[in-house]
Asker: 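This is the structure I have questions about; it appears just below.
Since this is a predicted model, take the numbers as computed values, not measurements. Convention: sequence-line order gives letters A, B, ...; per-chain numbering from 1.
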Amino acid sequence: MTRYNPSEIESKWRGAWDAAGSFHTDEDGDKPFYVLEMFPYPSGRIHMGHVRNYTLGDVVARFKRAQGFSVLHPMGWDAFGLPAENAAIENKVHPAKWTRENIATMRDQLKTLGLSIDWDREVATCEPEYYKHEQKMFLDFLREGLAYRRESWVNWDPVDQTVLANEQVIDGKGWRTGAPVEKRRLSQWFLKITAFSEELLSALDSLDRWPDKVRLMQRNWIGRSEGAVLRFEIPGRAERLECFSTRPDTLYGMSFCAIAPNHPLTEELSKDNPALAEFVAECNRMGTSEEVIETAEKKGFDTGLTVRHPFMPDREFKVFVANFVLMEYGTGAIFGCPAHDQRDMDFARKYGLSVTPVVLPPGEDPATFTLADEAYTGEGALFNSDFLDGMSVTDGIRAAIDRLESLEAGTGRVTYRLRDWGVSRQRYWGCPIPIIHCLSCGAVPVPDSDLPVKLPEDVTFDKPGNPLFHHPTWKNVSCPSCGGKAERETDTFDTFFESSWYFARYADPHNAEKGFTRESAARWLPVDQYIGGIEHAILHLLYSRFFTRALKQCGYLDVEEPFAGLFTQGMVCHETYRDEKGAWLFPSQVRRDGDAAVHVDTGAPVTVGRSEKMSKSRKNVVDPVDIVNSYGADTARLFMLSDSPPDRDLEWTESGVEGAWRFLSRVHRSIAEDDGGLAPIGTARPGSLSDAAAEAERLTHKTIDGVTQDLERFHFNRAIARIREFSNALFGLKGDGDDMRWVRRFGFETLTRLMAPMTPHLSEELWSTLGHETMLVDEAWPVADATMLVEDTVTVGVQVNGKLRATIELPRDCDKAKAEELALAEENVQRALDGNAPKKVIVVPNRIVNIVA
RNA sequence: GCGGGCGUGGCGGAAUUGGUAGACGCAAGGGACUUAAAAUCCCUCGAUCUUUGAUCGUGCCGGUUCGAGCCCGGCCGCCCGCACCA
């Protein structure tokens, strides 16, 4: 008796695939297909989220390969980033060493999953062979005007002497030091993603193999709004005040203007106005967290300036500096119409400004309509508005813009919420920005011949701040332009920079001259199927879309969109456990005892909490390595794919894993221990089959058809349900006549082939057990015989007044009269009719008969 | 506040997109095998009742339809994204 021994089987077949070069990318085949999963950050160990992500991708890759596609399925490492620096500081290990060791560990772990990856194409973004190309890209962007430098605000930790990302600022304090975070102004590099705002928005419509949800999130993020820029005269001053508004139709309801605390005009005025300067400082102190914004009161400071109304030159309105006006959006200045904007209303009530309604809600009387403290933002007819009176909001907007343009007091304008991408990070473990700062020449690009600018590895982390800044020699260079004394840029790129083009590098991973050739990009891009977490719905995907367009503009490639198909997987969740003191416990420390749960060692009661995303902080994690060691990779993979649809969250349960294990053991046992019930390989189909054998044959074809469709549509959980149903029928077949022996072989072989994308090792083993000398990985995907998919008879439900009363067997496509006759003949139907004649009979062929009594 | 999604047995989820609700699995209960256990195999498994059958049942209320888990209107609940974006 041969027991199912996954560790033996799995290492054997991984070795065989390796030796045969089974997953080597075919550069010549005429059906290229690029499957890509988001590459991992080398944190040290793989987690269940990786297992799910890479299993999903591997099912697609193996399925497509079997269907005859030349599949590109690579893997690499998103290897720059903050955790490496944290490890350096905490454990005194160099980020490079830490990262490379983590990569080695995780590569080994990933390999045990049996993924059909071409490891010859592996890339690690922290290596100069990779990042030298993005330095070149950056310089090309600079030449094209797609990169530029300007001052920008950052979160500064005064103790660590470092810049903090927004998520490292907790309650206004540095996450590590607890010191109050300061706002600092630094010169930083930006990529001009806003040059593509409209394109990035409109091209979303063409991404029809992306989830609607992700497209919507990107749409909102880009945030297009149509409106007008108004240029208000400021009596006593030469310049005008520019305000953006989506509602120029409400101009007659205006009662003030407000400008941002960091508006240039504010900065000028506060120079000789200490009270204003103090107000601005107060605004800057105010955090930007959700909670603060939610509860913050609208506050303003009267500048003493006024603006003149464009349509009513005799009317002037006060200009305030207001804490709720953002410099980053529009022009950093607004006109306030309290009646039709809640923020303006709050502000007007606080400072006693006038509230003039100019949009009349339907059914209201203009003579009596007033507003309390709620602004009216709906549709209606304009009134109190001179030439706009009677118009709808939409017509009013157009008419107001026309008038503003004729008065040269404004113009129609489209504004986007999207802002340029700041790529400078004051960090060590990242790609050096290839710029040299010269006192006389300014920021000078490093010449191509001097690339790459290598990140020096002889650094220490004993001083706070960026080690590049303290490096004794690296920084000091001569200016490439004038030869004078100069310094290197010590900032490095945001790590989203590396992940914005890695998918293209895989097309040509060993090219030392270029990031990739146009030809390789033309062959493989865009990625046919990209798979990853929803958490990257906006930034990573948007940056990659931008990068692809920027690269196209610089002549690198000819596509605009990097990812033709996108699938976003759900999270892997697990119950949470806490002991009596409230401390989190690992699942391995907990034993379930019916409804109760107790500590494995002490027997003390354990509180079971709701299921949440697996996370180290809550300890509700299960280590994939443990699962692979005790059940094998195929069981882990099968469980990942069973039950939960891939786009929904998956609940990890021990019993579910056991169920997957039981199923695989059963398949193994049933096929490996089959004693003589199988026809030899290549036996022709017998001329006639018994009913049972014919039914099994038909089911086999139906299963091929169903599983194929399910895999194509990412319904992996249904594919597995179908396979289980199929195997239940198959293993229950009795008899050893020629027909049974033939159909059993046909069924068993089909089963192993259909399971191969999900459980590749076991399938390969069984393929061999069934007597094949070739490897299953090289076999073509089975194709169903279409004539076998239709039954001769169908079971049709019979309803009386919509309620099911019977089912009848009918010949396929049987005529309506016959169906009606047979339906009415049913005893239960007659009883339900209770002697009444049917008023009407609806017959839907092959579906249902409904009798209306 | 704005935008989006989802509510189906004890649980995860199926349901050819308007046509037999609950596939497949998990858990539970019963039985067989065994000295015993594990493993395995078989049976039951939405609720209620007057149990060869009937009634109810897809968050709640209503509508359209011969027929609604699916479509429409209104509620309730949960989840996600954005958030002073003018």
Asker: Could you state the CD-C1' distance from A/Glu651 to B/A27, rounded to the nearest angstrom?
Answerer: 13 Å
Asker: In whole angstrom, give the distance that lies between atom CG of A/Asp710 and atom P of B/U16.
Answerer: 12 Å
Asker: Name the closest nucleotide to the A/Asn828 side chain, picking from B/U20, B/C24, B/A54.
Answerer: B/A54
Asker: On a whole-Å scale, what distance lies between the P atoms belonging to B/C78 and B/A83?
Answerer: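 The same atom, P, in both gives a distance of 23 Å.
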Asker: What distance, rounded to whole Å, do you find between the two P atoms, one in B/G18 and one in B/G10?
Answerer: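 Rounded to whole Å, the distance is 28 Å.
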Asker: Taking the minimum atom-to-atom distance to the side chain of A/Pro645, which one of B/A14, B/A23, B/G25 wins?
Answerer: B/A14
Asker: Quickly work out the A/Leu699 CG to B/C24 P distance and round it to whole Å.
Answerer: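 Value for this atom pair: 12 Å.
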Asker: Could you tell me whether A/Glu820 and A/Lys818 make a salt bridge, using a distance below 4.0 angstrom between a side-chain N and a carboxylate O?
Answerer: no
Asker: Tell me whether the centres of the aromatic rings in A/Phe347 and A/Phe324 are closer together than 6.0 Å.
Answerer: yes
Asker: Of the listed nucleotides (B/C24, B/C85, B/G3), which one gets closest to any side-chain atom of A/Arg419?
Answerer: B/C85
Asker: Among B/G25, B/G81, B/U20, which nucleotide sits nearest the side chain of A/Met217?
Answerer: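 The listed nucleotide nearest to A/Met217's side chain is B/G81.
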Asker: Under a 3.5 Å cutoff on both atom distances, Watson-Crick or G-U, what's the dot-bracket for RNA chain B ([ ] crossing, | other strand)?
Answerer: (((((((..(((......[....))).(((((.......))))).((((...))))..(((((..]....))))))))))))....
Asker: Could one point to a donor on the side chain of A/Lys298 or the base of B/C84 with an acceptor on the other under 3.5 Å away?
Answerer: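 Check passes, donor-acceptor contact within cut-off.
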Asker: Please tell me which of the listed nucleotides, B/A86, B/G25, B/C66, lies nearest to the side chain of A/Ile334?
Answerer: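 So the nucleotide nearest the side chain must be B/A86.
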Asker: What's the gap between B/G69 and B/C79 when it is taken at their P atoms, as a whole Å value?
Answerer: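 The answer is 27 Å between these two P atoms.
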Asker: Side chain of A/Ser655 only, heavy atoms from C-beta on: which candidate in B/C26, B/A86, B/C66 is closest?
Answerer: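 Looking only at side-chain atoms, A/Ser655 lies closest to B/C26.
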Asker: Tell me if B/U17 is syn or anti. Syn = glycosidic torsion within 90° of 0, anti otherwise.
Answerer: syn
Asker: Please determine if a side-chain N or O atom of A/Arg610 lies less than 4.0 Å away from the OP1 or OP2 oxygen of B/C78.
Answerer: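 No.
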Asker: Between A/Arg666 and A/Asn728, is any side-chain donor less than 3.5 angstrom from a side-chain acceptor?
Answerer: yes
Asker: Should the ring pair A/Phe320 and A/Tyr351 be called parallel, tilted or perpendicular, given that the plane angle runs from 0 to 90° and is split at 30 and 60?
Answerer: tilted
Asker: Taking only side-chain N and O atoms of A/Arg648, does any of them lie within less than 4.0 angstrom of OP1 or OP2 on B/A14?
Answerer: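 So the side chain of A/Arg648 is within the cut-off, an N or O lying under 4.0 Å from OP1 or OP2 of B/A14.
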Asker: Please give, in whole Å, the distance from B/G81 P to A/Leu539 CG?
Answerer: 13 Å
Asker: Counting the atoms with a prime plus P, OP1 and OP2 as sugar-phosphate, which does A/Val798 contact under 4.0 Å by heavy atoms, base, sugar-phosphate, or nothing?
Answerer: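 If one applies the 4.0 Å heavy-atom cut-off, A/Val798 turns out to touch nothing in the nucleic acid.
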Asker: Of the options B/A86, B/G13, B/G4, whose atoms approach the side-chain atoms of A/Ser225 most closely?
Answerer: B/A86
Asker: Please determine whether a side-chain nitrogen or oxygen atom of A/Arg724 lies at a distance below 4.0 Å from atom OP1 or OP2 of B/G13.
Answerer: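 So the side-chain polar atoms of A/Arg724 never come under 4.0 Å of the phosphate oxygens OP1 or OP2 of B/G13.
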Asker: Would you classify A/Ser642 as touching base, sugar-phosphate or nothing, given that sugar-phosphate means primed atoms plus P, OP1 and OP2, and contacts are heavy atoms under 4.0 Å?
Answerer: nothing
Asker: Whether A/Glu826 and A/Arg805 form a salt bridge (side-chain N of Lys/Arg under 4.0 Å from carboxylate O of Asp/Glu) is what I want to check.
Answerer: no
Asker: Please classify the glycosidic conformation of B/U51 as syn (within 90° of 0) or anti (everything else).
Answerer: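 Syn conformation for B/U51.
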Asker: Students often get this wrong, so: under 4.0 angstrom with heavy atoms, is A/Leu326 touching a base, only sugar-phosphate, or nothing?
Answerer: base
Asker: Describe the nucleic acid contact of A/Gly659 in one word from base, sugar-phosphate, nothing, applying a heavy-atom distance below 4.0 Å.
Answerer: sugar-phosphate
Asker: Should the pair A/Arg343-A/Asp346 be classified as a salt bridge under the 4.0 Å nitrogen-to-oxygen rule?
Answerer: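 No salt bridge links A/Arg343 with A/Asp346.
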Asker: I need the CZ-C1' distance between A/Arg413 and B/A86, as an integer number of Å.
Answerer: 14 Å
Asker: Please figure out whether A/Lys803 or A/His715 has its closest RNA chain B nucleotide nearer the 5' end.
Answerer: A/His715
Asker: When the distance from CZ of A/Arg343 to P of B/A86 is rounded to whole Å, what number comes out?
Answerer: 7 Å
Asker: Just how far, in rounded Å, is C1' of B/C2 from CD of A/Gln342?
Answerer: 13 Å
Asker: Under 6.0 Å between ring centres: does that hold for A/Phe567 and A/Trp210?
Answerer: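 Distance test on ring centres: not under 6.0 Å, no.
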Asker: Between A/Ile842 and A/Arg718, which residue's closest nucleotide on RNA chain B lies nearer the 5′ terminus?
Answerer: A/Arg718
Asker: Can you confirm whether or not the ring centre of A/Tyr252 sits under 6.0 Å from the ring centre of A/His309?
Answerer: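 Yes, the ring of A/Tyr252 comes within the 6.0 Å limit of the ring of A/His309, centre to centre.
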Asker: Centre-to-centre under 6.0 Å for A/Tyr543 and A/Phe496, is that the case here?
Answerer: yes
Asker: Starting the side chain at C-beta, find the nucleotide from B/G81, B/G3, B/A54 nearest to A/Ile538.
Answerer: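 Among the listed nucleotides, the one closest to the side chain of A/Ile538 is B/G81.
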Asker: Let me know the distance between CG of A/Asn850 and P of B/U65, rounded to the nearest Å.
Answerer: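 A/Asn850 atom CG is separated from B/U65 atom P by 15 Å.
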Asker: Identify which one of A/Leu241, A/Thr303, A/Ile334, A/Val325 satisfies the side-chain contact (heavy atoms from CB on, under 4.5 Å) criterion when paired with A/Cys257.
Answerer: A/Leu241
Asker: Among B/C24, B/U20, B/C66, find the nucleotide with the atom closest to the side chain of A/Asn728.
Answerer: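 So the side chain of A/Asn728 is nearest to B/C24.
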Asker: Looking only at side-chain atoms of A/Asn717, point me to the closest of B/G19, B/C85, B/G13.
Answerer: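 Nearest to the side-chain atoms of A/Asn717, counting from C-beta on, is B/G13.
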Asker: Quote, to the nearest angstrom, the P distance that separates B/U16 from B/C70.
Answerer: 13 Å
Asker: Could you check whether the side chain of A/Arg666 and the base of B/C41 have a donor-acceptor pair of N or O atoms closer than 3.5 Å, going by distance alone?
Answerer: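 Per atom types, no contact qualifies.
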Asker: Students often get this wrong, so: under 4.0 angstrom with heavy atoms, is A/Val844 touching a base, only sugar-phosphate, or nothing?
Answerer: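 It contacts base atoms.
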Asker: Using the C1' atom in both, what is the distance from B/C33 to B/C42, to the nearest Å?
Answerer: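 Roughly 11 Å separates the two C1' atoms.
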Asker: Considering only atom P, compute the distance from B/C43 to B/C6 and round it to an integer number of Å.
Answerer: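 Here B/C43 and B/C6 have their P atoms 37 Å from each other.
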Asker: Using a strict 4.0 Å threshold on nitrogen-to-oxygen distance, state whether A/Arg349 and A/Asp373 make a salt bridge.
Answerer: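 Salt bridge flag = yes for A/Asp373 with A/Arg349.
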Asker: Using a 90° cut-off around 0 for syn, call B/G9 syn or anti.
Answerer: syn
Asker: Identify whether any heavy atom of A/Arg662 sits under 4.0 Å from a base atom; if not, whether one sits that close to sugar-phosphate; answer base, sugar-phosphate or nothing.
Answerer: sugar-phosphate
